[in-house]
Amino acid sequence: MNVLEVKALFLGTSDDKDYVPHLKGMFNGLPTFVVCEPIELLLQLELYCKKRGITRVVSTNTSILKRLLDKMGYDKSAPALSNYAGSLFTFGEGAAIEIVFIPPLRQLFTVTYGRFLAARYISKVCAPESWREATQFQWGLITAENFQDCLFQLSGAYAISIDIETLRQDLRIRCIGYCGVYVGPEGQITTRSYILPLDSSYSLACARAIHDLPAQKIFQNGKYDNSYLLRYNAEPRNWLWDTAHFMHSWYSELPKDLGFLNAFFLRKVVYWKDLAETNDLHEYYKYCAMDTWATANVWISQLLTAPDWARHNYSLEFPLVFPCLLAEMTGLKRDMQKLEEARNEINVKEEAELTSLRACLGLPGFNPNSPVQVKLLLVALGCKDITTTEEKDLAKARLRHPLNNLLLGKVLEIRGLRKLRSTYLRVESDAKQSGIHQGEGGSKEFKGRVLYSLNPHGTDTGRLASREHHFWCGLQIQNIPRGREVKQTLCADDGFALAECDLEQAESRDTAFISGDENLIRAVSGERDFHSVNASSFFGIPYELIYDDSTGKTKDKPLRDLSKRVNHGANYNMGANVLVDTMGLDKIWEAKRLLKLPYTEPKEIAEFLLSRFHKTYPRIRNAYYVGVTHEIGTTSRLVSRAYHHAPEDAGLGERDLVDKANSYISKGGWTRYCFGKPATNKSDLNAYVAHCPQSLNARTLNEAFLRVFYELALKHPKTFRLHAQIHDSILFSYAPGTKHPEHVKDCMEIPISIRDVSGTYRTFTVPAALKLGMKDKTTGQFKTAKYWSETE
DNA sequence: GAGCGAAGCGCC
DNA sequence: AAAGGGCGCTTCGCTC
């Protein structure tokens, strides 16, 4: 036997047993033992390894994890394995044995990226030579005495990562951490971290001096830090890097928090966020320093190992942090009086409905928001086959009996009102009731404004995601209800009018040009009403009977609505039963009647409807879905083959423009790495066929958002305000009399050159429509919008 | 009483 | 067997 032979052990739990064979091939060819019996003590494990000459351990055993953490002086009773996946410890004589933790093996199947992560983590101990070792962690406190030294050292850094620690209570920055990255003459990389407690105006001056250094700055999810730094007038110069955005640009489907990035990119690390729960100030500073060290090292690893397409994605995505940050800090003014009125209106309505419903039922304590209680109600109404109580299920039950209709209608009405009040029209007293501490004393508003965050790394497709603001108040701005109830409380600032500009039917147009389906291209590009054209081609009824082009009026609304639903469903590969559910049985029977169909089963009707779509637009399924599956099957990636014309392209001749577009397209636009398996999993297929148009539209709007930022928001800060982006629209306000709205529209109408799945090139532009206000009902005069409810 | 996941629902 | 996609927030109801 070769005594130098390296041996490995998989130490799992009884839950892992069945999955162990699926780890095959991940151990770099090392002879590997397997133990799934309970081993509680480190000593037991040590003896087991010693006896067999094992020096590499891969484990899911939380008892051993806890022992290892105990040894580090950390006594949490139950560490979560999910946090420690990828953490690497050493133990045994001379710390010669390395052990890495991985998620429970079940995840090899339940999570699309399960295999990928397991293999990566296992390679930490079984193929360590494939990992670059991180820099040594060293850190110090910045004091008045050593500040000049620290500043001098940092001024020599190649790059500086920055991380702030905040107090949620009063939005105060407690300390700021820096990690200077230094490149030696031989190319060797070292780092040093510095912690600056922010406890005086002197220390703030120190922070400003460091932030003003020309070195490129690195953050992890830096819009958070920069929101606070802006409050302190201490924003950094030259913020070029963000590790969360880099991760999103590379593996958009994976987590992006620092704990995960740490485990993912660095070999010899232990998850430390649990340990950072400390009351010792010096320890607290040390963990802040570790954050900056991790951010810097993750960045180094990303820079050294990312493929070109991920870098290209990054160059598209990162610039968005600036318009997003501006929009987040701008927010929208809330009319507090309107808020109060809207609440009162809702309270009155809800009170009436609730009293009535409870009286009908004879149950004074009935809660329509309780799934348990509504389920019982369904049973009482003879609908025990319906087991969930969401709107579409209640819709089903309502059709069965007028009494059901009455009672469940009230349930839905009350739920709707409560949703409006609790989510969108919240005031201080609500927060006190539920123990939430938000804004100033519990309201959603921050100095009378609704804030929000807009996150370019928040979705798999490249859309922005939204949530409440970094200051722990505000709203998700992208799901404000459509009616006037909430939007009438949000308005432009004094001296401004509010406006919204939409890309019209963007995803349908994008789908048409991505698939290259000539019928669909004609339908979306023509002058005629898209849904009526669809109704006509789906069901063989003359267009003129459905829509009157001369008056712009719909003549057959039921049929047009039907084709709208079918288009929507089929576009995203919806199954027949789901279409039945989303349309509702009444609409299904209506379709049967309208089209004089012979079928008796709802599913058959839905199947017929869907088949009409695919008959009309055959390339959607036959070329596009097939192309997506094939591309992912062979490359694990989806590449956007579209080029957004740059403003300077206007000066190019036809020939040069085509060359430029083609060269861009052949390199690829936005690329998504795909862990799912569309060939065998319909959910994955649906996600990926939805990705392409959604992502292309997101890119178009993001590009427009950037242009609006540079051409309007930065140039006209006194007469223009950039508020938000809402998936296919941009919300802004402007001083009346300016030409800013038209300029926004110009920024949004970006010509796109695209290569379809079969290789044909085309160019098209999604039209944008301004919504500036509405006609006054009484005077008939056009009135520019002040409130969001008025932008029509 | 805190924490968490599920249910339900708002938007495109 | 059947399965639209992409998000985030509040409430409920359960566990610790």
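Please read all numbers here as calculations on a predicted model, not as lab measurements. Order of the sequence lines fixes the chain letters, A, B, ..., with proteins taken first and strands second; residue numbering starts at 1 for each chain.
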Using a cut-off of 4.0 Å on non-hydrogen atoms, how would the nucleic acid contact of A:Asn697 be classed: base, sugar-phosphate, or nothing?
-> nothing
Determine: side-chain N/O of A:Arg415 to OP1/OP2 of B:dC9, distance under 4.0 Å, yes or no.
-> yes
Check every atom of B:dG10, C:dG5, C:dG13 against the side chain of A:Gln476 and return the nucleotide holding the closest atom.
-> B:dG10
Report which part of the nucleic acid A:Asn681 touches: base, sugar-phosphate, or nothing (heavy-atom distance under 4.0 Å, all strands).
-> nothing
A:Pro371 side-chain proximity, nearest of C:dC7, C:dT10, B:dA7 | B:dA7
Just call it for A:Ser729: base, sugar-phosphate, or nothing, with non-hydrogen atoms closer than 4.0 Å on any strand.
-> nothing
Tell me which nucleotide among C:dC7, C:dA2, C:dT11 gets nearest to the side chain of A:Arg426.
-> C:dT11
Can you label the angle between the A:Tyr84 ring and the A:Tyr271 ring as parallel, tilted or perpendicular, going by 30° and 60°?
-> perpendicular
Have a look at A:Val372 and say if it touches a base, only the backbone sugar-phosphate, or nothing, with a 4.0 Å heavy-atom cut-off.
-> sugar-phosphate
From C:dG6, C:dC7, C:dT11, nucleotide with atom closest to A:Ala687 side chain = C:dG6
Nearest-neighbour nucleotide for the A:Ile726 side chain, B:dC12, C:dA2, C:dG5 considered = B:dC12
Nucleotide nearest A:Thr388 (side chain, heavy atoms from C-beta), chosen from B:dG8, C:dA3, C:dC7 = B:dG8
Under-4.0 Å side-chain N/O to phosphate OP1/OP2 contact, A:Asn479 with B:dC9 | no
Among B:dC9, C:dG13, C:dT10, find the nucleotide with the atom closest to the side chain of A:Lys444.
-> C:dT10
Would you indicate what A:His691 reaches in the nucleic acid, counting non-hydrogen atoms under 4.0 angstrom: base, sugar-phosphate, or nothing?
-> nothing
Calculate the interatomic distance between A:Asn571 atom CG and B:dC12 atom C1'; express it in whole Å.
-> 14 Å
May I ask you to say what A:Glu391 touches in the nucleic acid, namely base, sugar-phosphate or nothing, with a heavy-atom cut-off under 4.0 Å?
-> sugar-phosphate
Would you classify A:Arg463 as touching base, sugar-phosphate or nothing, given that sugar-phosphate means primed atoms plus P, OP1 and OP2, and contacts are heavy atoms under 4.0 Å?
-> base
So what does A:Glu390 touch, heavy atoms closer than 4.0 Å: a base, only the sugar-phosphate, or nothing?
-> sugar-phosphate
Candidates C:dG5, C:dG13, B:dC12 - which lies nearest the side chain of A:Arg482 | B:dC12
Classify the nucleic acid contact of A:Gly575 as base, sugar-phosphate or nothing, counting any heavy atom under 4.0 Å across all strands shown.
-> sugar-phosphate
The side chain of A:Ser422 lies closest to which of these nucleotides: C:dG8, C:dA3, C:dT11?
-> C:dT11
Counting any heavy atom closer than 4.0 Å, what does A:Asp728 reach on the DNA or RNA strands: base, sugar-phosphate only, or nothing?
-> sugar-phosphate
